[in-house]
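One structure is given here, and the rest of the page talks about it.
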Amino acid sequence: MNTISKTWGGQAEPFENGCLRENVIFNADCVTGMSHMPEKSVDLIVTDPPYLINYKSNRRVVKEKFDRIQNDNNAEQIIQSALSEYHRILKDDSAIYMFCSWHHIEFFKTEFEKYFNLKNILIWNKNNHGSGDLRGSYAPKYEMVLFGHKGRALFQEKRIADVIDCAKVSSARLVHPTEKPTDLLELFIRNNSKPNDIVFDGFIGGGSTALAALHTGRKFIGYELDEKYYQIACQRVDQEIWETELF
């Protein structure tokens, strides 16, 4: 069983037999792809866009493994357009989680609040800190997540604190330089969606949001522009589906 799509002529086709495709990752620009999706067609958005910081890890094992992320230093327009489309395709009374960094929190917060009711800036407290300026700055140990509503989105599980402890993916296991742990994504998905709901991620990277959706009994739709990470995401999801069917 292979639920992962390919692209045709460079253009991802979000429909099949007149229905919106589910459990699919497209190797395409998310803004263009979303423009072909119906209004109010997804139940939850969990997304990790470029942070606009030209990110490259200073950890040797990570630096040698990955190149810089596409559009990470000049994606303001992409993020603005993506947020507009996110609002259009998200159902009423639903939620969105958007990862971001303190470096450009003013930009992300301003653009986010044009479309969504910002409820929290969540703090993801990682198990260890990054490097950075070893003698001139405090060691970074957290990332931010903008949590908002389109309408009013009630929790499906218990309310927790806005500082969330969750171990980051170890450098040896990373398949993407900014990969997020599925445990954290699953927490968000369980809290703001129901089984069989559609979880959307326009910057799906190595496919962690898709895996988290599968682990929690949800469906997913994702976009990834970088061919390398698109292939990795497809392989990871296919492996997950194969193992689930096998056992």
Side-chain angles (χ1 to χ4, degrees), residues 20 22-26 30-31 33-34 37 40-51 69 78-79 82-101 108-109 111-112 115-124 126 142-151 153-157 159-160 162 164 166-169 175-176 178-225 229-230 233 236-237 240:
L20 183 67
E22 301 169 347
N23 288 349
V24 60
I25 299 173
F26 297 108
C30 69
V31 175
M34 282 189 285
M37 293 174 62
K40 303 178 183 179
S41 55
V42 302
D43 300 285
L44 172 66
I45 294 173
V46 180
T47 190
D48 185 19
Y51 283 5
I69 298 172
I78 296 173
I79 290 169
L83 279 165
S84 175
E85 285 296 316
Y86 281 166
H87 182 267
R88 190 184 65 80
I89 68 171
L90 183 63
K91 293 179 181 177
D92 293 334
D93 298 325
S94 297
I96 176 173
Y97 293 83
M98 174 180 275
F99 285 86
C100 63
S101 168
F108 278 95
K109 183 175 180 291
E111 296 303 320
F112 189 92
Y115 302 100
F116 300 103
N117 178 18
L118 180 64
K119 302 298 290 186
N120 296 94
I121 299 180
L122 304 175
I123 300 300
W124 168 34
K126 299 182 274 192
Y142 74 94
E143 291 183 36
M144 296 177 169
V145 186
L146 302 181
F147 169 59
H149 293 180
K150 179 182 176 181
L154 302 180
F155 289 132
Q156 300 298 311
E157 296 192 349
R159 186 183 190 226
I160 62 173
D162 60 1
I164 303 171
C166 185
K168 63 181 292 187
V169 181
V175 300
H176 187 281
T178 63
E179 182 179 349
K180 301 302 185 287
T182 55
D183 287 352
L184 181 63
L185 303 178
E186 288 171 25
L187 186 157
F188 297 158
I189 291 170
R190 290 195 311 270
N191 237 358
N192 283 101
S193 68
K194 299 175 182 178
N196 292 315
D197 278 355
I198 298 176
V199 181
F200 184 87
D201 188 351
F203 304 91
I204 207 165
S208 295
T209 304
L211 294 179
L214 291 174
H215 293 168
T216 54
R218 276 66 168 175
K219 302 170 184 175
F220 65 86
I221 301 173
Y223 283 82
E224 175 52 45
L225 185 60
Y229 295 120
Y230 164 72
R236 294 179 77 198
V237 173
E240 176 71 22

Any residue meeting side chain to side chain contact (heavy atoms under 4.5 Å, CB included) with Thr216, in chain and number order, not counting sequence neighbours: Glu186, Ile189, Arg190, Arg218
Could I get the full list of ring pair (Phe, Tyr, Trp, His ring centres under 6.0 Å) partners for Phe112, not counting sequence neighbours? Phe116
Parallel, tilted or perpendicular for Phe108 and Tyr51, by the 30°/60° rule? perpendicular
Heavy-atom closest pair (Ile123 atom, Met144 atom, distance to 0.1 Å) is CD1-CG, 4.0 Å
Considering non-hydrogen atoms only, spot the tightest contact between Pro181 and Cys166 and give its length. CG-SG, 3.8 Å
So which atom in Ile79 and which in Pro49 form the shortest heavy-atom distance, rounded to 0.1 Å? CG1-CB, 4.3 Å
Residue pair Phe220 / Ile25, side-chain heavy-atom distance below 4.5 Å: yes
Please work out which of the three classes, parallel, tilted or perpendicular, describes the rings of His87 and Tyr115, given edges at 30° and 60°. tilted
Tell me whether the rings of Phe99 and Trp124 are parallel (<30°), tilted (30 to 60°) or perpendicular (>60°). perpendicular
Cationic N near anionic O, under 4.0 Å, Lys168 to Glu143: no
Between Lys150 and Asp93, does at least one N-O distance fall below 4.0 Å, as a salt bridge requires? no
Could you pull out the closest heavy-atom pair between Leu214 and Glu240, with the gap in Å? CD1-CG, 4.0 Å
Does this structure show an ion pair linking Arg236 with Glu179, if we count only N-O contacts that are shorter than 4.0 Å? yes
Residues that Lys109 engages under side chain to side chain contact (heavy atoms under 4.5 Å, CB included), provided they are two or more places apart: Glu113, Leu118, Ile121
